[in-house]
Amino acid sequence: MLDIKWIRENPDRLAEALVKRQWSSEEARSAVDDLIVKDEARRAHLGQLQERQERRNAASREIGNAMRSGDSAKAEELKGEVTAIKEWLSGAEAMERTLDKALDDALAVLPNVPAHDVPVGADEHANVELRKVGTPRQRSNWTREHFEIGESLGMMDFERAAKLSGSRFTVLKGGLARLERALGQFMLDLHTTEHGYTEVQVPLMVKDEVLFGTGQLPKFEDDLYFVGVADAVLASDGAAIVSRSGEPIVVGRRLGLIPTAEVPLTNLVREEITPLEKLPLRYTALTPCFRSEAGSAGRDTRGMLRQHQFYKVELVSITDQDSSRDEHERMTECAEAVLRKLELPFRTMTLCTGDMGFGAQKTYDIEVWLPGQNAYREISSCSVCGDFQARRMDARYRPKEGKGTAFVHTLNGSGTAVGRALIAVMENYQEADGSVTIPEALRPYMGGMTKIEAR
RNA sequence: GGAGAGGUGGCAGAGUGGUUGAAUGCACCGCACUCGAAAUGCGGCAUGGGUGCAAGCCCAUCGGGGGUUCGAAUCCCCCCCUCUCCGCCA
């Protein structure tokens, strides 16, 4: 969420930011104008409202005084005045709520303002390579994609997964199941023992306001899964599950399945004033992630690159206002360290304005080399959000200088996507005989095993 | 699931209809005392918003929402959450 005061004072900078994010200049202009109008309407009304509230409060106090001094005639007269004011106020207060909500709703769907050093561009083609590490291995005529390797090993099963849950699910068995577990443990251990992150176990189901805090709601509701109920529990065919009397069964409030552990980890500081000396907070968690992939029909349908459910190790940092940019570089290096240790070639890209997520000021994507696809594919995304999420969560700290409180800065990054790391290991470490060599760094997590082969 | 208790400022904890936005203690900040520190004394110290150059003034907020009342932290209703005991359970 952006600061309405900032918008009021810098309307042109907001419009410029929206254009960088690929809004048309007309859309940007009218969105900004709309915000200014809503803001002015709200403040104009608030002034009048508060004036009358002030009079009501003063008159009420006078009534108390009059009654104490036994002047009941005056008390009655004042009561009449207050009653009249109250009548006016009930409408005015409702109006205030309406105006507040209109402004909040408009603010809630505005994306963050890109940092000054983010390249401007329309889509991923305008992303800029920051560095490239490792050399992609020479392709052979037997180089295959991960799902070919996995299926011929007999350890990756899409057909049975589809029987259970439909498309975009995978069943892993044997060595590959263990390899995925090993990858998760390896990453978690790396970040907790070498990078100073605190391991956290978090709920996988969270409230709407938590999803609002990190920016998934209200704009990206379609990308999420919910359990429990919005209006009713829906069966898989979309029909409401009803009681014998035909009423929809309402279980209570719905909970959203987290699309990333960024959501619960970042919200750990929501509605709190964190002491300055506790910053930065660095959290990591290994969790399943759930995504409906509503907008990506037809993309990456083969294999397990894009799933409705996948494991990811997430990194989250909470910092003060001055440290977030440096923390962003640091976090990105922590994520890269995973790939360095696994000896997987990768490149790190600075996302352009058009490719960045809703809440980010600046994002680095780490793309791992996939020989089977003959391409670099995203395996991590590290973003600095400034106070954008903090404002939505009301997460603050007390700065050393100055008085009062300030919003914390939040950062999140994948460290890394476990399912995609599995793919990367399989494709980069595949052998001509169809087996997969286990990277040195993972062997302790595989009981010393050095190779996965069909058996 | 059953029964009970409770949600007040950074923390602890008073407050049951009228200058109570809230006693007191702790923590924190400033000043004094001190060679320095501790102890002590004095003062300050909630959050958000509106307005103003500023000092300030004003509005809202005592888990959330609604109601009673001229007036609600205090009374009533609904909801959320926490704790205790019992039951059940991975």
Side-chain angles (χ1 to χ4, degrees), chain A residues 1-9 35-36 38-104 107-108 201 203-213 228-231 250-256 264 267-279 281 318 320 387 390-408:
Chain A
M1 192 108 96
L2 299 174
D3 182 4
I4 185 61
K5 283 187 199 161
W6 179 85
I7 295 174
R8 197 185 295 154
E9 286 156 20
L35 285 162
I36 300 292
K38 288 188 160 88
D39 177 45
E40 278 171 5
R42 176 183 160 270
R43 284 189 296 146
H45 184 261
L46 193 59
Q48 291 180 47
L49 174 68
Q50 293 188 347
E51 216 170 273
R52 301 306 293 160
Q53 287 174 322
E54 181 183 352
R55 179 56 203 153
R56 176 202 60 193
N57 293 344
S60 290
R61 269 193 299 270
E62 285 174 41
I63 291 170
N65 291 334
M67 303 225 316
R68 255 191 305 281
S69 62
D71 189 347
S72 58
K74 183 168 184 203
E76 286 309 315
E77 183 194 325
L78 287 163
K79 280 188 191 183
E81 181 186 352
V82 173
T83 303
I85 294 176
K86 281 206 336 175
E87 212 163 296
W88 184 86
L89 279 179
S90 70
E93 283 169 355
M95 172 65 79
E96 193 227 336
R97 283 192 292 273
T98 304
L99 293 172
D100 270 354
K101 187 170 187 314
L103 181 60
D104 283 345
L107 285 171
Q201 282 284 357
L204 306 180
M205 303 182 284
V206 296
K207 299 175 183 178
D208 275 21
E209 60 253 44
V210 170
L211 290 159
F212 179 88
V229 177
D231 296 307
V250 176
V251 174
R253 291 185 53 175
R254 67 175 181 178
L255 291 172
N267 276 278
L268 246 24
V269 296
R270 68 177 290 117
E271 293 162 58
E272 286 194 30
I273 300 173
T274 307
L276 177 63
E277 58 271 20
K278 285 196 173 177
L279 302 178
L281 291 168
I318 312 293
D320 63 52
D387 63 9
R391 203 170 246 115
R392 298 169 86 96
M393 297 188 298
D394 191 24
R396 294 167 293 162
Y397 73 102
R398 292 186 194 283
K400 196 171 286 172
E401 304 293 318
K403 50 193 175 300
T405 58
F407 290 111
V408 297

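Just so it is clear, the model here is predicted, and its values are computed rather than measured. Throughout, a chain's letter reflects where its sequence line sits, starting with A, and its residues are numbered from 1. Heavy atoms only: backbone and side chains are in, while hydrogens, waters and symmetry mates are out.
- Using a 4.0 Å cut-off, no side-chain N or O of A:Asn57 falls inside it from OP1 or OP2 of B:rG71.
- As the counterpart of B:rG21, no nucleotide is assigned, since no Watson-Crick or G-U wobble pattern has both distances under 3.5 Å.
- Between A:Glu54 and A:Ile273, the residue anchored closer to the 5' end of RNA chain B is A:Ile273, taking for each the nucleotide with the nearest heavy atom.
- For the pair A:Arg398 and B:rC29, the criterion of a side-chain N or O lying under 4.0 Å from OP1 or OP2 is not met.
- Of the candidate nucleotides B:rG71, B:rU47, B:rG18, B:rU47 has the atom lying nearest to any side-chain atom of A:Thr405.
- Counting to the nearest Å, the P atom of B:rC28 and the CG atom of A:Leu276 are 15 Å from each other.
- Between A:Arg52 atom CZ and B:rC70 atom P the separation is 17 Å, expressed in whole Å.
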Could I get a table of every N or O pair under 3.5 Å where one atom is in the protein and the other is in nucleotides 49-55 of chain B?
| unit_1 | atom_1 | unit_2 | atom_2 | d |
| --- | --- | --- | --- | --- |
| B:rG49 | O2' | A:Arg42 | NH2 | 3.3 |
| B:rG49 | N2 | A:Gln50 | OE1 | 3.2 |
| B:rG50 | OP1 | A:Arg8 | NH2 | 3.3 |
| B:rU51 | OP1 | A:Arg43 | NH1 | 2.9 |

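- A salt bridge links A:Glu62 and A:Arg55; the closest N-O separation between the charged side-chain nitrogens and carboxylate oxygens is under 4.0 Å.
- Pairing partner, B:rU84: B:rA3, with both Watson-Crick or wobble hydrogen-bond distances short of 3.5 Å.
- A search for side-chain hydrogen bond (donor to acceptor under 3.5 Å, both in side chains) contacts involving A:Arg42 returns A:Asp100, not counting sequence neighbours.
- Proximity of A:Arg56 to the phosphate of B:rA60: a side-chain N or O atom is located under 4.0 Å from OP1 or OP2.
- Contact between the side-chain N/O atoms of A:Lys86 and the OP1/OP2 oxygens of B:rU69 is not found at any separation under 4.0 Å.
- With rounding to whole Å, A:Arg97 atom CZ is found 22 Å from B:rG48 atom P.
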